[in-house]
There are 2 protein chains.
Amino acid sequence: MTEARPTLRERRRQDLTTEIKAAARTRLAADGLAALSLRAVARDVGMAVSALYRYFASRDDLITELLVDAYTAQAEAVEAAVAATAGGPVPRLRAALLEFRAWSLAHPVEYGLLYGDPLPGYQAPTDRLQLPGTRVAALLYGLVDAADRAGRLDRAVAGARRDRLPAEHVDQLDRWRRRRVPDMGLDAVVVTVDLWTRMQGLLTLEVFGQLRPVLPDVTAYFTAALDDALAAAGLTAG
Amino acid sequence: MTEARPTLRERRRQDLTTEIKAAARTRLAADGLAALSLRAVARDVGMAVSALYRYFASRDDLITELLVDAYTAQAEAVEAAVAATAGGPVPRLRAALLEFRAWSLAHPVEYGLLYGDPLPGYQAPTDRLQLPGTRVAALLYGLVDAADRAGRLDRAVAGARRDRLPAEHVDQLDRWRRRRVPDMGLDAVVVTVDLWTRMQGLLTLEVFGQLRPVLPDVTAYFTAALDDALAAAGLTAG
DNA sequence: TTCTTGTCGAGAACAGTGTTCGCATAACCC
DNA sequence: GGGTTATGCGAACACTGTTCTCGACAAGAA
């Protein structure tokens, strides 16, 4: 184990890495990505710009780490909300989506980076972001699957929904299901996509301020749309 | 009329303005906003950087003009699709939303600027963007209103939908309605917001690539969701 | 036509950016 | 302690948006 006794240098490196990321995160939230300057970050932590390159290969590399942290923080918030919710998988699913909204509204800049328009010039490294970026989605699919296995997914409702959708759509989902979640039922996948696109679509509009002129406060609408989507999916509380 | 005989200088100014914007638009679509450099644009049109400032007060000013152009082009595309569609307001509404999607997918970078995460550091001048930015929305509200007046909005369905929504939500919409579209029925507004948020929410996810891993081709799903939303709104073709 | 006025283009300059390099200093391992 | 490695620093390079000055040219008046 090299972890046994971390050398002084390793400890300082770790500390400085998190300190740099913290400073960058603050500047990011305050001024946005475009105004995130390495020189400003260096000034904040009290070192020369060039010294930053001992910790991050480039500005893009720093951004990538911030993305990983944001994905992780968001996933942990949602997971905590799920864990704190009593009841079956459906109430937990509801809590997960409500917490997903809460975190996103509290971190609009990060949300924009994670789910907003692709950063031009910045090529997201899949190997670094694949896992943390799919944690929330995996949790949601898992909850719907759990609901399905617990008999909380009304197969009549879900089946009717599936029959009403075009075959091309369901086929695509089935291909993805076989590759990624072969143990899940197709109906559960169809229903999860319905639910996820509706709620995240609405949330994205809200976070980006598209609804503000018409709807200053989206809270009631979001909750209603969530319950609506759950019911339309055939997911019953219990 | 100063327009009577445009002097040679005025004509050249007009031409160069559109040429600069065209070059900037090309670079924008190719490399994204962050990489949109005035020097590169100047090189493309064959003039010095400083000369650009005779035509645009700043980079933000140029961007604003590009936004106006994008809003306008998008609105014109949607309006053309509506005009080219035979039948009542509901088929036209359908055509409008389908064309909205088509234009957005063909211009992802512009879409990101118009509806994506707010540009950091760039303060959108409301006076310049208010009108062009609401043209499509105004068209949609108008079409739903027309459908309502033509008896194509099933008041039983729409009313039931309204009753199922929280009072806080409906009240907010009613306040906005009284201020902005006092001649429209409340049900029509409620239903338009339902329709618009669902379709634009889904579209935003698609344009930003959020659905790609699961759904490489969203076409069938979008159309199905559109027909679904129209039916749920109580909007019947005719 | 000539003269004045306003417009326009070019080039230099300034402050800012991300990134690289060479050199010194410190911590590590043997 | 000596050799090795990691770290910090400052200068430099090629960019960026923006401002200024200066000369050239078109527009309108005398």
Side-chain angles (χ1 to χ4, degrees), chain A residues 1-21 23-24 27-28 30-67 113 119-125, chain B residues 1-21 23-24 27-28 30-67 119-123 125:
Chain A
M1 283 297 158
T2 64
E3 322 283 335
R5 222 172 74 86
T7 166
L8 200 147
R9 213 150 54 177
E10 281 171 356
R11 210 151 21 88
R12 295 222 310 172
R13 184 178 180 81
Q14 185 99 16
D15 290 354
L16 248 179
T17 304
T18 66
E19 191 182 342
I20 292 170
K21 285 200 291 185
R27 289 224 163 252
L28 176 69
D31 310 328
L33 180 67
L36 176 59
S37 143
L38 290 188
R39 284 184 153 84
V41 172
R43 237 172 296 142
D44 289 351
V45 300
M47 53 196 282
V49 210
S50 49
L52 287 184
Y53 283 78
R54 302 290 181 189
Y55 298 85
F56 300 94
S58 67
R59 182 174 178 268
D60 277 12
D61 206 64
L62 208 187
I63 294 172
T64 299
E65 293 310 310
L66 293 182
L67 289 182
L113 292 185
L119 312 179
Y122 168 79
Q123 188 59 11
Chain B
M1 282 295 160
T2 63
E3 322 283 336
R5 221 170 76 84
T7 165
L8 201 145
R9 210 146 58 174
E10 281 172 353
R11 208 149 26 87
R12 295 223 312 175
R13 183 178 180 82
Q14 184 98 16
D15 290 353
L16 248 179
T17 304
T18 65
E19 192 182 341
I20 293 170
K21 285 201 291 185
R27 288 226 164 250
L28 176 69
D31 309 329
L33 180 67
L36 176 59
S37 144
L38 290 188
R39 284 184 152 85
V41 172
R43 237 172 296 143
D44 289 350
V45 299
M47 53 196 282
V49 210
S50 50
L52 287 184
Y53 283 78
R54 302 287 180 192
Y55 298 85
F56 300 94
S58 69
R59 182 173 178 269
D60 278 12
D61 205 64
L62 208 186
I63 295 172
T64 300
E65 294 309 310
L66 292 183
L67 290 182
L119 313 179
Y122 168 78
Q123 187 59 11

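Here is the naming used below: chain letters follow the sequence lines, and residue numbers restart at 1 for every chain. None of the values given here were measured: they were computed from a predicted structure.
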(message) How many whole angstroms separate atom CG of D61(B) from atom C1' of dT19(D)?
(response) 16 Å
(message) Can you measure L52(B) atom CG to dT7(C) atom P for me and round it to whole angstrom units?
(response) 18 Å
Distance-only donor-acceptor pairs under 3.5 Å for side chains of residues 33-51 of chain A, two or more places apart:
| unit_1 | atom_1 | unit_2 | atom_2 | d |
| --- | --- | --- | --- | --- |
| S37(A) | OG | R39(A) | N | 3.2 |
| S37(A) | OG | A40(A) | N | 3.1 |
| D44(A) | OD1 | R27(A) | NH2 | 3.4 |
| D44(A) | OD2 | R27(A) | NE | 2.8 |

(request) Step by step, work out the side-chain contact (heavy atoms from CB on, under 4.5 Å) result for L62(B) and R59(B). (result) CA-CA 5 Å; L62(B) 208 186; R59(B) 182 173 178 269; 5.6 Å; no
(request) Identify whether any heavy atom of L16(A) sits under 4.0 Å from a base atom; if not, whether one sits that close to sugar-phosphate; answer base, sugar-phosphate or nothing. (result) sugar-phosphate
(request) Could you check how far CZ of R13(A) sits from C1' of dG8(D), rounded to whole Å? (result) 12 Å
(request) Output the distance between atom CG (D61(A)) and atom OH (Y53(A)), rounded to the nearest 0.5 Å. (result) 10.5 Å
(message) How long is the straight-line distance from CG of L28(B) back to CD1 of I63(B), given to the nearest 0.5 Å?
(response) 8.0 Å
(request) Find the distance M47(B):CE to dT7(C):P and express it as a whole number of Å. (result) 16 Å
(message) Are Y55(A) and K21(A) packed together at the side-chain level, in the sense that at least one heavy-atom pair is separated by less than 4.5 angstrom?
(response) no
Can you name the atoms? Protein N/O to nucleotides 26-30 of chain C N/O, anything below 3.5 Å, with the distance.
| unit_1 | atom_1 | unit_2 | atom_2 | d |
| --- | --- | --- | --- | --- |
| dA27(C) | N3 | R9(A) | NH1 | 3.2 |
| dC28(C) | OP1 | T7(A) | OG1 | 2.4 |
| dC28(C) | OP1 | L8(A) | N | 2.7 |
| dC28(C) | OP1 | R9(A) | N | 2.5 |
| dC28(C) | O5' | T7(A) | OG1 | 3.2 |

(request) Heavy atoms under 4.0 Å is the rule here; annotate nucleotides 15-23 of chain C 5' to 3' with B where the base is hit, S where only the sugar-phosphate is, and - elsewhere. (result) --BBBBBB-
(request) Using a cut-off of strictly less than 4.0 Å, decide whether Y55(B) has a side-chain nitrogen or oxygen near OP1 or OP2 of dT7(C). (result) no
(message) Using a 4.0 Å heavy-atom cut-off, does L62(B) contact any base of the nucleic acid, only the sugar-phosphate backbone, or nothing at all?
(response) nothing
(request) For residues I20(A) and T17(A), determine if any side-chain heavy atom of one lies less than 4.5 Å from a side-chain heavy atom of the other. (result) no
